[in-house]
Amino acid sequence: MNIKRIVVLHGLYMSGFVMQPLCTRLEKTGCEILNLSYNTLAPDRQSIFNQIDTFIAEKPTAFVCHSMGGLVARDYLTHASVQSQHVEKVITLGTPHKGSAIAKHMHDKGFDGLLKNSVEYLLSETNTWPFNARLYSIAGDLPIGLMPLLQKGSRSDGTVLLDETKLKGMAEHKVFHRSHTTLIYSRSVMDYIIDVISRDT
């Protein structure tokens, strides 16, 4: 296995604590793990990027990110530090790569106070993955949450639309019958992540 280090990024309103079970499983691969907690409502880009740069230290690295964490990873790659060139794979779980319909709904209804600076990530719109690092996008299709009420008949994990998790240029798109939060704790999802990390390409 080429990957030596794994950066783990949590989603909105969460902390590294919720990612700990996944990190425990990832540690069994023999990789070093950075389970990075950050303020999702007021993310300090420079602090986040500096911590990741220091951790990577020119070793082959993968990212494993839940929801908004995948957008933070994209921002990190866009920043294009020397260390970011060593990121080989980005694995996202329920990340709204094309922008979050729920966040847009909250924004349009005047609930920006609940999102604060996270809107810079959640309202960003893109259709492509332009980086050398390969993107493996995991989605859920168990609609437990607000999304079925906002968009009846849509396919989602209850929070993120299935279509929001797809980008041109991604290496793989995998759907599991899980809700947004339970993607983090699913054994089958963990097995898939370990498989992706262990691949030579």
Handout entry: Side-chain donor-acceptor pair present, Glu120, Ser124, cut-off under 3.5 Å
Key = no

Problem - Ser156 (side chain) donor-acceptor with Pro143 (main chain) under 3.5 angstrom - result: no

Practice task
Kindly say whether Ala101 contributes a backbone atom to a donor-acceptor pair with the side chain of Glu164 at under 3.5 angstrom?
Solution key: yes

Exercise for the section: Please answer whether the main-chain N or O of Gly16 pairs with a side-chain N or O of Asn35 as donor and acceptor at a distance below 3.5 Å. Expected result: yes

Handout entry: Test item: Tyr136 side-chain N/O and Lys174 main-chain N/O as donor-acceptor pair under 3.5 Å
Key = no

Handout entry: Side chain proximity check, Asp75 to Ile48, heavy atoms < 4.5 angstrom
Key = no

Exercise for the section: Would you check if Pro43 and Asn117 make a side-chain contact, meaning some heavy-atom pair closer than 4.5 Å? Expected result: yes

Practice task
Name the orientation class of the two ring planes belonging to His180 and His66 (parallel below 30°, tilted from 30 to 60°, perpendicular beyond 60°).
Solution key: tilted

Practice task
Look at the side chain of Ser100 and the backbone N and O of Leu122, then say whether any donor-acceptor pair between them is shorter than 3.5 Å.
Solution key: no

Handout entry: Joint hydrophobic cluster, Met170 plus Val175, side-chain heavy atoms closer than 4.5 Å
Key = no

Practice task
Check the pair Ile91 / Ile138 against side-chain contact (heavy atoms from CB on, under 4.5 Å), numbers first and verdict last.
Solution key: CA-CA 7 Å; Ile91 304 166; Ile138 298 169; 3.8 Å; yes

Practice task
Decide yes or no for Ser188 and Arg178: does some side-chain heavy atom of the first lie under 4.5 Å from some side-chain heavy atom of the second?
Solution key: yes

Problem - Pair Phe63 and Tyr76, ring centroids less than 6.0 Å apart - result: yes

Handout entry: Over 12 non-hydrogen atoms of neighbours within 6.0 angstrom of CG in Asn132
Key = no

Practice task
Compare all side-chain heavy atoms of Thr40 with those of Met14 and state whether any distance is below 4.5 angstrom.
Solution key: no

Practice task
For Cys23 and Val8, work out which heavy atoms get closest and say how close.
Solution key: SG-CG2, 3.8 Å

Handout entry: Side-chain heavy atoms of Ile184 within contact of Pro21, under 4.5 Å
Key = no

Completion exercise
d(Lys166 NZ, His97 NE2) to nearest 0.5 Å is 12.5 Å

Problem - CD/Glu27: more than 12 non-hydrogen atoms of other groups inside 6.0 Å - result: yes

Exercise for the section: Flag the pair Ile193 / Leu93 as yes when at least one side-chain heavy-atom distance between them is below 4.5 Å, and no otherwise. Expected result: yes

Exercise for the section: Might you confirm whether atom CD of Glu58 has over 12 heavy atoms from other residues, nucleotides or ligands at distances under 6.0 Å? Expected result: no

Completion exercise
d(Lys168 NZ, Asn127 CG) to nearest 0.5 Å is 6.0 Å

Practice task
Say whether, by atom type as modelled, one donor and one acceptor occur between the side chain of Thr54 and the main chain of Gln51 under 3.5 angstrom.
Solution key: no

Handout entry: Minimal non-hydrogen separation, Arg5 against Lys59, with atom names
Key = NH2-NZ, 3.7 Å

Practice task
For Asn50 and Gln46, indicate whether the former's side chain and the latter's backbone hold a donor-acceptor pair under 3.5 Å.
Solution key: yes

Practice task
Test Thr182 against Ile144 for side-chain contact (heavy atoms from CB on, under 4.5 Å), laying out the working first.
Solution key: CA-CA 10 Å; Thr182 58; Ile144 299 175; over 6 Å; no

Practice task
With side-chain contact (heavy atoms from CB on, under 4.5 Å) as the test, would you mind laying out the steps for Phe176 and Leu142 before giving the verdict?
Solution key: CA-CA 8 Å; Phe176 293 85; Leu142 183 59; over 6 Å; no

Practice task
Answer with yes or no whether the side chains of Arg74 and Thr126 bring together a donor and an acceptor at under 3.5 Å.
Solution key: yes

Problem - Distance-only donor-acceptor check, side chains His79 and Ser84, under 3.5 Å - result: no

Problem - Phe17 backbone acceptor or donor facing Ser15 side chain under 3.5 Å - result: yes

Practice task
Taking the side chain as every heavy atom from C-beta outward, state whether Thr95 and Val160 have any atom pair closer than 4.5 Å.
Solution key: no

Completion exercise
Heavy-atom closest pair (Pro130 atom, Thr128 atom, distance to 0.1 Å) is CD-O, 3.6 Å

Practice task
Taking all non-hydrogen atoms of both residues into account, name the closest pair between Tyr192 and Arg199 and its distance.
Solution key: CE1-NH2, 3.9 Å

Problem - same_hphob_cluster(Leu162, Ile102) at 4.5 Å side-chain heavy-atom cutoff - result: no

Problem - Same apolar cluster (I L V M F W Y, side chains within < 4.5 Å links), Ile33/Met190 - result: yes

Problem - Contact check, side chains of Tyr185 and Val18, non-hydrogen atoms, under 4.5 Å - result: yes

Exercise for the section: Apply side-chain contact (heavy atoms from CB on, under 4.5 Å) to Thr92 and Leu135, showing your working. Expected result: CA-CA 8 Å; Thr92 59; Leu135 173 64; 3.9 Å; yes

Handout entry: Donor-acceptor contact below 3.5 Å, side chain His10 vs main chain Tyr38
Key = yes

Exercise for the section: For Arg187 and Asp191, run salt bridge (charged side-chain N to carboxylate O under 4.0 Å, His left out): C-alpha distance rounded to whole Å, both residues' side-chain angles, the deciding distance at 0.1 Å, then the answer. Expected result: CA-CA 6 Å; Arg187 183 179 296 274; Asp191 288 343; 5.8 Å; no

Exercise for the section: Spell out, as yes or no, whether a donor-acceptor pair under 3.5 Å connects the side chain of Thr29 to the backbone of Leu26. Expected result: yes

Handout entry: Common cluster, Ile194/Val64, ILVMFWY with side-chain heavy-atom separation under 4.5 Å
Key = yes

Fill in the blank from the handout: Residues Tyr121 and Val72: closest non-hydrogen pair is CE2-CA, 3.9 Å

Exercise for the section: Taking all heavy atoms of Leu9 and all of Ala73, pick out the closest pair and write down the distance. Expected result: CD1-N, 4.0 Å

Exercise for the section: Return yes when atom NZ of Lys98 has more than 12 non-hydrogen atoms of other residues, nucleotides or ligands closer than 6.0 Å, and no otherwise. Expected result: yes

